[in-house]
2 protein chains.
Amino acid sequence: MRSPNELARKFREKQLKLTPQRQLLFGLLHQNDSHPSAENLFEAASKQMPGISLRTVYQTLGELAEMGELQMVDVGTGAKRFDPNISDHHHFVCESCGAIRDVEIAAKPKLRDGSGKFEISQVGVVFHGRCENCVPSAKRSPAQQVKQKATKK
Amino acid sequence: MRSPNELARKFREKQLKLTPQRQLLFGLLHQNDSHPSAENLFEAASKQMPGISLRTVYQTLGELAEMGELQMVDVGTGAKRFDPNISDHHHFVCESCGAIRDVEIAAKPKLRDGSGKFEISQVGVVFHGRCENCVPSAKRSPAQQVKQKATKK
DNA sequence: TTGTTAGTTAGCAATAGTTGCAAAATAGAT
DNA sequence: ATCTATTTTGCAACTATTGCTAACTAACAA
Ligand SMILES: [Mn+2]
Ligand SMILES: [Mn+2]
Ligand SMILES: [Zn+2]
Ligand SMILES: [Zn+2]
């Protein structure tokens, strides 16, 4: 899933052209486990490909998500996040620095609901709190892993 | 928490004036367990108080949330939802009709994470799927409990 | 190589949801 | 009845994202 041929083949079989923009974004995302937003990826991409359009970033991320090559995650902090880790996992969001970390849930939750006739296709669990860099005891300054321009509450 | 005096006192002690708009919205929300959006409440309020402003609805809901009188819930379907049920619970969102139902999680999840030094202040669990009115076997037409103007994916 | 063209990109307008701002209105106290 | 700190409103502004379309180009042929 990381070799250039692999990528080329995957694109071809979905009749998607192997454009420089797609290669760049795919690569950037896979080097990035910080759960970047489209804007974050646009900034990163712009460094290597000045002039790339934000529209293309959205477009491409959408396509990769449809292809199952990445997960679109909404942790409720405004912009959607893009995650190359497509395994079934959940997230912890630091309220202080905005960092997002993967979290595994050990116990499979058992729903307690009257009817019990639901058909569940997706479960999203988001923990909000402070990460180890941000809990008061830790003196270090917040990590600020992901640039957040206007940390909207 | 439902008598008129109770309400008046609560507002007074936070030095909030007991305006007709606030009374109306507080009442509407407490009669409504469908997890309405600001827009939904605005429509409902407009019937009883034509001319009320959407801005006031947002303002008031924000205040009530700060007062701890309601929960603002983001289930990732676009607009925030407002919930008079302030107990610690989670949600199920039907992908077909948009209905949102309360869900209790029986087992307390145990986080499995290397560091384990997080300080968690809030956990949000959102289940997406189809409700009993919308699972294929059920012939009934989708409930359409909450008007969704443009069911954005 | 040189076409040919289906698929792609970039730019910009438009949208949804929500908040900022300032002027007009009013609850509640005197 | 008067006063004034709050509140309400209308509207502009804003963020994140999508729609539309003209210009561009990867991939396949000739
Ligand atoms: Mn993740
Ligand atoms: Mn609820
Ligand atoms: Zn942090
Ligand atoms: Zn349903």
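By convention in this document, chain letters (A, B, ...) are assigned in the order of the sequence lines, proteins followed by strands, and residues within each chain are numbered from 1.
- The CD-P distance, from A:Q59 to C:dC12, rounds to 17 Å in whole Å.
- The side chain of B:T56 contributes an N or O atom lying less than 4.0 Å from OP1 or OP2 of D:dT9.
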Intermediate values then yes/no, side-chain hydrogen bond (donor to acceptor under 3.5 Å, both in side chains), B:D83 and B:H89: CA-CA 11 Å; B:D83 192 346; B:H89 67 286; 2.9 Å; yes

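- Under 3.5 Å, the side chains of A:N85 and A:D102 contain a donor-acceptor pair of N or O atoms.
- With DNA chain C read from its 5' end, the first of the two nearest nucleotides for B:L54 and A:M49 is the one closest to A:M49.
- One finds no side-chain N or O of B:Q21 lying less than 4.0 angstrom from the OP1 or OP2 phosphate oxygen of C:dA27.
- If you check D:dT9, C:dA10, D:dT7 against the side chain of B:R22, the one that comes closest is D:dT7.
- Spacing between atom CG of A:L25 and atom C1' of C:dT8 amounts to 13 Å, rounded to whole angstrom units.
- Computed from coordinates, the A:L61 CG to C:dT8 P distance equals 15 Å when rounded to whole Å.
- For the side-chain contact (heavy atoms from CB on, under 4.5 Å) with B:E63, the lone residue among B:R22, B:E69, B:K14 that qualifies is B:R22.
- Not a single donor-acceptor pair, N or O on each side, falls under 3.5 Å between the base of D:dA16 and the side chain of A:K80.
- In this entry the distance linking CD of A:Q23 with C1' of D:dA27 reads 13 Å, nearest Å.
- Atom CZ in B:F42 sits about 14 Å away from atom P in D:dT8, given to the nearest Å.
- In terms of polar N and O atoms assigned as donor or acceptor, the side chain of B:R12 never comes within less than 3.5 Å of the base of C:dG28 in a complementary pairing.
- Distances shorter than 4.0 Å separate some side-chain N or O of A:T19 from OP1 or OP2 on C:dT9.
- Remark: C1' of D:dT4 and NZ of B:K17 are 8 Å apart, rounded to the nearest angstrom.
- Among the heavy atoms of the strands lying under 4.0 Å from A:G51 are primed sugar atoms or P, OP1, OP2 only; no base atom is included.
- Between A:Y58 and D:dT17 there is a side-chain N or O to OP1 or OP2 distance below 4.0 Å.
- What separates CZ of A:F11 from C1' of C:dG7 is a distance of 13 Å, to the nearest Å.
- In this entry the distance linking CD of A:Q15 with P of D:dC28 reads 11 Å, nearest Å.
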